[in-house]
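Below: one structure, written as structure tokens.
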2 protein chains.
Amino acid sequence: MTDSYLNFANSPVGGKLADVLGLPKPMVLERYKAGQPVIKGSVLLGGGTNAPLLETLAGIFKRIGAQTVAHAQLPQWTPIANQAGLMSGRWGVDGQPGEKVKALVFDATGLVDSSESEALYQFFHDAARSVLPCGRVVILGRPPELCRTPRQATIQRALEGLSRSLAKELKKAIAVQLVYVAEGAEGQLESTLRFLLSPRSAYVSAQVVRVGAPVGEGAAPADWSKPLAGKKVLVTGASRGIGASIAEVMAQEGATVICLDIPQAQASLDEVAAKIGGSTIALDIGAADAPQLLVDAAKADGGWDVVVHNAGITRDKTIANMKEHFWQMVVNVNLSTQERINDALVESGALKAGGRIVCVSSISGIAGNLGQTNYALSKAGVVGMVQSTAPIFAKKGITINAVAPGFIETQMTAAVPFAIREAGRRMNSMSQGGLPQDVAQAIAWFASPASNGLTGNVVRVCGQSLIGA
Amino acid sequence: MTDSYLNFANSPVGGKLADVLGLPKPMVLERYKAGQPVIKGSVLLGGGTNAPLLETLAGIFKRIGAQTVAHAQLPQWTPIANQAGLMSGRWGVDGQPGEKVKALVFDATGLVDSSESEALYQFFHDAARSVLPCGRVVILGRPPELCRTPRQATIQRALEGLSRSLAKELKKAIAVQLVYVAEGAEGQLESTLRFLLSPRSAYVSAQVVRVGAPVGEGAAPADWSKPLAGKKVLVTGASRGIGASIAEVMAQEGATVICLDIPQAQASLDEVAAKIGGSTIALDIGAADAPQLLVDAAKADGGWDVVVHNAGITRDKTIANMKEHFWQMVVNVNLSTQERINDALVESGALKAGGRIVCVSSISGIAGNLGQTNYALSKAGVVGMVQSTAPIFAKKGITINAVAPGFIETQMTAAVPFAIREAGRRMNSMSQGGLPQDVAQAIAWFASPASNGLTGNVVRVCGQSLIGA
């Protein structure tokens, strides 16, 4: 649970020693605390010659209350910003860099040919050294699969190589994301930008997010610090670890939380629920009648708004040494059960229109893992479930997305042998493991009523882990 | 160029020392030599209760001349095999494993629900220890995006987690692949199965390949050891390293090779061409008139059948330290130029109907890399180009695919500092770097006239590198 190396490297003596020995120097990540602004510091804007999202961005920054400055390549920003009632200035003079900024936002949605890529170079070349620690970089593009020409799709897809490289290059716990905004989905961007610019996304980096056409009726929350006010949220596996953190964050965001776990965990489940004024359901979701019991419970509760499938189990062995029932249990609890529950809740209407399903996949499901054939199959299946049910559930106004945690500091990972744990902690661009709240915050983003442009997404919470597929 | 640790670990004393110290024990990979059979050893078959590809497989194994045995779960194999004139027997008796085999092939195309995943467990649990060194595992599935139900798409997508885990688990340089065969595309499977079961794919592992509807007219080659007989193949960057190896392999496969490189490399280009009876073009493909010059050259040559875009450059620096013209050069040569050449060759008909374009992306384009923003953008763009032009070029009967090399032993990587080179070599499931011929063989597979079911694919040649996105 405690990353003592992180503490060491951030002490005066340890920091110097790490420098001398060439050891990694993880930074203590800035994390969200209730009442904080979205972003502490100004935002530097850049873009191609054609930058179609500027008006959308001006509106969002105005509502966020962010200070903005524009790179020399973007002279059109000032009038647009002023129009939106936003204070703004030009960044740098005579080719010299300006003030340090907390975030870079580049509108690349107007790029239609790889020969236009220089605009990206100019901006990031000038600005790369001017991002404050724990800063944020967001590149906005168009989804390649929806582009009108192959040339446009190619440069848009190329952004992924740039953003993943920047995420490795900028260091200082600066997170870099690529957000593909479909044409016409500009109105759905705000919840994503608020998440990615804020300390809520501390351990999310090098991700590709797709913002698309609205699913059902979206609604900007009356209070962006309580987007889940009035919402009923089921969290499975809520008695400890990541699940308990999800329940807490959901409650902080204003939700009434229904905490579910197996009957054996009732005591700690009660504790979690009591702390956040939630209710409990003690149920083994792997049981055949679990979907129907949940439908009944939801209906008795007037319907639920959000379901978070956090419950999951591991039974690790190489497949040659694995017992059959360990295969069955893992696939059933982590995957088959969730398919049945989703179908039952959606078909019955127990999950209301405008509902949100958020699943938990894993880096193991993406990259595979030795000794986890059962777990990796189930977690890759979660990706398949999200992608295949998204268009179907969208017809009912329901979104489904997943987070895929990398190395997260929990009781489970505390039990991992030291060397493997240290490797897991350091082999990412943040040189540290994430915390349960990092996963919970990403889930809260997907759960927000304002996130109706997000469905079928799988976002890793892994600090840009080196490990991939 | 020489992996001395690989030699050490394979010496009698070094091998024992590596055991004692717990060091990685890379195996010397079996690689293809002209005249060899596709597979030396028998193939063990498994499948779900419904295994729709068995007749297709029986035909392919008969033509390959492979010995097959069937797992107890697949009693229907024997009559189907006999029907195809194939000798076959049952593997193991009374629940005991049978003979060691060189390959496992599991037909998972019939799985329609995650609750059926146990068939996978039974087969791989029983067979995991029975695969010979440098063996092969191929799991056959249906493309999730084309599945009829979300449940089917989910279990099919789940196969990816299993195959990637098995690739990490089986060791002994055993490669594991997942091949998604679209319904109706069974007739396009043979070239892919021949490649993946043979030593040609020595350094390809944990990949997902999609075999789809035929693009143009496919043709089984008269001689599978010379699939490119009568074909004219342009290879760019052919004067050395991977490019020279591609030219050689293409010639071995029967092609007449046109070797292209910059004028400064003329001497070594001439050497490569002379060795394989090919011709040369000395041209800077980055020049504005290069596409037209290539169209003219192709037309004067009676048209070309295959274009291999191997030429690529690196100019590494962090973006803050990078000069503008190093950005421009890299993006132009590695991406924009290739877009222009493809369009010119396809539109003019200089690349003939039935043509093949094979591009070279990179693990850096997939995962990003520190100091390679320009290179990674260009190589991610290659992925975009392949995916976006595939449906358009298909209308002319032309396929486009890419390979993405991981760590390959070349003069370029020999110049990398020792520690980084060693990390690159060992951080994959084969615990070694690949050879240029490994990339060349994958390119030859895409270039084959029989590979008309392959377009829009990006396949890594990386020994299942740990590094991903």
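Given the structure is predicted, the values throughout are model-derived calculations rather than measurements. Residue numbers start from 1 in every chain, and the chains themselves are labelled A, B, ... in the order their sequence lines are given, proteins ahead of strands.
Residues forming a ring pair (Phe, Tyr, Trp, His ring centres under 6.0 Å) with B:Phe123 (at least two apart in sequence, or on another chain): B:His71, B:Phe106.
Between A:Arg129 and B:Asn321, the closest side-chain pair of non-hydrogen atoms falls below 4.5 Å. Using a 4.5 Å heavy-atom threshold, the side chains of A:Ser165 and B:Tyr375 count as separate.
Contacts of B:Asp126 with chain A are absent, with no heavy-atom separation under 4.5 Å from either backbone or side chain. Neither the backbone nor the side chain of B:Gln152 comes within contact range of chain A, judged by heavy atoms closer than 4.5 Å. A:Ala376 touches chain B through backbone and side chain together, each having a heavy atom under 4.5 Å away. In this structure, the portion of B:Ile392 lying under 4.5 Å from any heavy atom of chain A is its side chain and not its backbone. Within the 4.5 angstrom heavy-atom criterion, atoms from both the backbone and the side chain of B:Ala380 approach chain A. When heavy atoms are compared at a cutoff of 4.5 Å, A:Arg151 approaches chain B by way of both its backbone and its side chain. Heavy atoms of B:Ala469 lying under 4.5 Å from chain A belong to its backbone as well as its side chain.
For A:Tyr121 (side chain) and B:Glu324 (main-chain N/O), a donor-acceptor pair under 3.5 Å exists by modelled atom type.
Between chain A and the options B:Ala206, B:Gly384, B:Ala320, B:Ser336, heavy-atom pairs under 4.5 Å are most frequent for B:Ala320. Looking only at heavy-atom pairs under 4.5 Å with chain B, the residue among A:Gly161, A:Pro144, A:Ser378, A:Ala127 that has the most is A:Gly161. Among B:Lys171, B:Glu145, B:Lys323, the residue making the largest number of heavy-atom pairs under 4.5 Å with chain A is B:Lys323. Contact tally against chain A (heavy-atom pairs below 4.5 Å) for B:Leu159, B:Thr389, B:Val383: the top residue is B:Val383. Chain A forms the most heavy-atom pairs under 4.5 Å with one residue out of B:Glu160, B:Gln156, B:Glu339, B:Gln122, and that residue is B:Glu339. Highest contact tally toward chain A, considering only B:Asp343, B:Ile155, B:Asn332, is held by B:Asp343 [criterion: heavy-atom pairs under 4.5 Å].
The two residues A:Ala158 and B:Leu377 come nearest to each other via the heavy atoms CB-O, 3.2 Å. The two residues B:Val331 and A:Ser114 come nearest to each other via the heavy atoms CG1-O, 3.9 Å.
Taken to the nearest 0.5 Å, the NE2 atom of A:His125 stands 9.5 Å off from the CE atom of B:Met322.
Of residues 364-374 of chain B, those residues with a non-hydrogen atom less than 4.5 Å from any non-hydrogen atom of chain A are, in numerical order, B:Gly365, B:Ile366, B:Ala367, B:Gly368, B:Asn369, B:Leu370, B:Gly371, B:Gln372, B:Thr373.
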